[in-house]
Amino acid sequence: MKVLVVGGGGREHALCWKIAQSPLLSALYCAPGNAGTRSLATNVDIAAEDMTGLVGFAVDEGIDLVVVGPEGPLVAGLADRLRAADIFVFGPGAQGAALEGSKVATKDLLERYRIPTATSRRFDRAGPAKTYLEQCTIWPQVIKADGLAAGKGVTICATAREACREIDSLMEERRLGSAGERVLIEEFLEGEEASVLAITDGEAILVLEPAVDHKQVGEGDTGANTGGMGVYSPAPSLTRRLLRQIEQRVVIPSIHGLRREGLEFRGVLFIGLMFTEQGPKVLEYNVRFGDPETQALVRRFSGDLLAYLDATARGELSEMTPPDWDPAFCVGVVGASDGYPGSYRKGDRIGGLEAAEGHEGVVVFHAGTAQEGEDTVTAGGRVVCVTAMGETIDAAREGAYGAYDELDWAGKFCRRDIGTRVESRMERLASMSPEPQTRP
Ligand code: AMP
Ligand code: GLY
């Protein structure tokens, strides 16, 4: 099978790493890829946003399956264009991808199918939004830009003044352009966050093992939100019972809802959840694999991932038996460049890659890296994700940091607390999953 992976980050390196192990594979391409994917795939110099270029390449090369990594091309309709050219695609068409491209579209689906979520109001003009905020008695409130905003579209506001300023910034000053033309004002949910990913062809559903991201840039979950600074999997906090509850209350109704809406969805639905005292509530849907969640998941997925991706793209997922998972822990530590998630430096030489990869149980997934002659250099805010396996989470964490410390580039930094809060999270999550009440 000839496979094209679209994208060039850590998630795409991880997908290429796993797909490259498949006996079904005859040739692997990655567009545009990074310095890590070039050792597993042929990097093709076509940007993930260049739909005409990608479709042309896939047709000319006779690609059998395209796996789309990032949301941008999906929201823009890349999967539709490829399907129109008779190419199988893992990833939804533009209509399905609107779940990630529009928070209002997501809320519509959640409300219509009674999937638990925060209550909200929507506004397309600043005046009424501010009038509403000035009358709110419960604070904080959460302001969300409707469109794609690269993680910058959600603000938690403590006061009406702050919230009105955010409305002006989005709707009057158009800080995020058209993404902020419509906003949601949402109830603030308190609890613990976790994500659940499910592969689906619109009919069959395969819920993947849980992986927990660390979104904020600073230790102890402080500072600005990022794409994700580290990951661990499995999540002992997400017990079987809790996962079953999520599947019944959230995953199945979501995919059922998509089908009822006539939306064909063949790909992965990544559901961001808040575990509240009333149980799990949906924060957001993503229509792609998580980054860095995927880096941990591919290390633990014991089956032939390509077979599952291909079956999903063909609408034959029901024919697959559930895969096995390595019960060991994986911890992934993201190494970033000084300044991330703001502006950061690029083009610095990365040293120590071989030494890091020489550590037992370690795989270094590249994210923002590029090859310049003999050198691998930094080319993005998140530079690598160093993953290690271990029988315990502590062993996996020590393995990951041990290998991370071999690496060297100017302005390198990471969070030192990836996978250290597992126990406290476990206790909190367990206490937040209400059992049906029985009267004495
Ligand atoms: P979203 O893009 O909707 O997932 O929001 C980004 C982040 O904002 C989430 O990962 C949460 O940490 C936070 N967030 C979003 N909505 C809420 C909410 N209703 N209550 C509390 N925090 C939220
Ligand atoms: N790690 C979060 C995301 O991929 O959206």
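One-based numbering, in listed order, for ligands and for the atoms of each. Excluded from the calculations below are hydrogen atoms, water molecules and symmetry mates; all remaining heavy atoms, backbone and side chain alike, are included. Just so it is clear, the structure is predicted and the values come from calculations on it, not from any experiment.
The two residues V331 and A400 come nearest to each other via the heavy atoms O-CB, 3.8 Å.
With ligand atoms numbered from 1 in the order given, ligand 1 contributes 10 (O) to contacts under 4.0 Å with heavy atoms of K215. Using a 4.0 Å cut-off to heavy atoms of K144, the atoms of ligand 1 that qualify are 3 (O), 15 (C), 16 (N). Of all atoms in ligand 1, listed by their number and element, those nearer than 4.0 Å to a heavy atom of F188 are 20 (N), 21 (C). Remark: ligand 1 atoms within the under-4.0 Å shell around heavy atoms of E284 are 1 (P), 2 (O), 3 (O), 4 (O).
Here the options are K107, R122, R182, K103, the test is salt bridge (Lys or Arg N to Asp or Glu O under 4.0 Å), and the partner is D146; only R182 passes.
Every residue meeting the side-chain contact (heavy atoms from CB on, under 4.5 Å) condition with S302, not counting sequence neighbours, appears here in chain and number order: D324, D326. For R174, the side chain to side chain donor-acceptor pair (under 3.5 Å) partners are E181, not counting sequence neighbours.
Electrostatic pairing of K130 and D168 counts as a salt bridge here, judged by a charged N lying under 4.0 Å from a carboxylate O. Ion pairing between a basic and an acidic side chain is recognised when a charged N comes within 4.0 Å of a carboxylate O; K215 and E284 show such pairing. R288 and E71 are joined by a salt bridge, as a carboxylate oxygen and a charged side-chain nitrogen come within less than 4.0 angstrom of each other. A salt bridge is defined here as a Lys NZ or Arg NE, NH1 or NH2 lying under 4.0 Å from an Asp or Glu carboxylate O, and D394 with R397 meets this definition.
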Show me the short polar-atom pairs for ligand 2: any N or O of it lying under 3.5 Å from a protein N or O, with distances only.
| unit_1 | atom_1 | unit_2 | atom_2 | d |
| --- | --- | --- | --- | --- |
| ligand 2 | 1 (N) | D213 | OD2 | 2.7 |
| ligand 2 | 1 (N) | G227 | O | 3.0 |
| ligand 2 | 1 (N) | D291 | O | 2.9 |
| ligand 2 | 1 (N) | E293 | OE1 | 2.9 |
| ligand 2 | 1 (N) | E293 | OE2 | 3.3 |
| ligand 2 | 4 (O) | R288 | NH1 | 3.0 |
| ligand 2 | 4 (O) | D291 | N | 2.9 |
| ligand 2 | 5 (O) | R288 | NH1 | 3.4 |
| ligand 2 | 5 (O) | R288 | NH2 | 2.8 |

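Given atom 2 (O) of ligand 1, the protein heavy atom at minimum distance is K103 NZ, 3.1 Å. Nearest protein heavy-atom contact of atom 11 (C) of ligand 1 is E193 OE2, 3.3 Å. When only non-hydrogen protein atoms are considered, atom 23 (C) of ligand 1 lies nearest to L283 CD2, 3.9 Å.
Environment of CZ in R259: crowded, with over 12 heavy atoms of neighbouring residues, nucleotides or ligands closer than 6.0 Å.
Within the 4.5 Å cutoff, side-chain heavy atoms of L297 are placed close to those of S233.
Of the heavy atoms in E190, none comes closer than 4.0 Å to ligand 1. At a heavy-atom distance under 4.0 Å, atoms from both the backbone and the side chain of L189 approach ligand 1. Counting heavy atoms under 4.0 Å from ligand 1, residue V142 touches it through the side chain alone.
Here's the thing with A118: none of its N/O atoms is less than 3.5 angstrom from an N/O atom of ligand 1. On a distance-only criterion, N225 and ligand 1 share no N/O pair closer than 3.5 Å.
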Just distance, no hydrogens or angles: give the donor-acceptor pairs under 3.5 Å from side chains in residues 137-144, sequence neighbours left out.
| unit_1 | atom_1 | unit_2 | atom_2 | d |
| --- | --- | --- | --- | --- |
| W139 | NE1 | C136 | O | 3.2 |
| Q141 | NE2 | I138 | O | 2.8 |
| K144 | NZ | E186 | OE2 | 3.1 |

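When I156, I185, V154 are checked for heavy-atom proximity to atom 5 (O) of ligand 1, V154 turns out nearest.
Checked against the 6.0 Å centroid threshold, F413 and Y340 do not count as a close aromatic pair.
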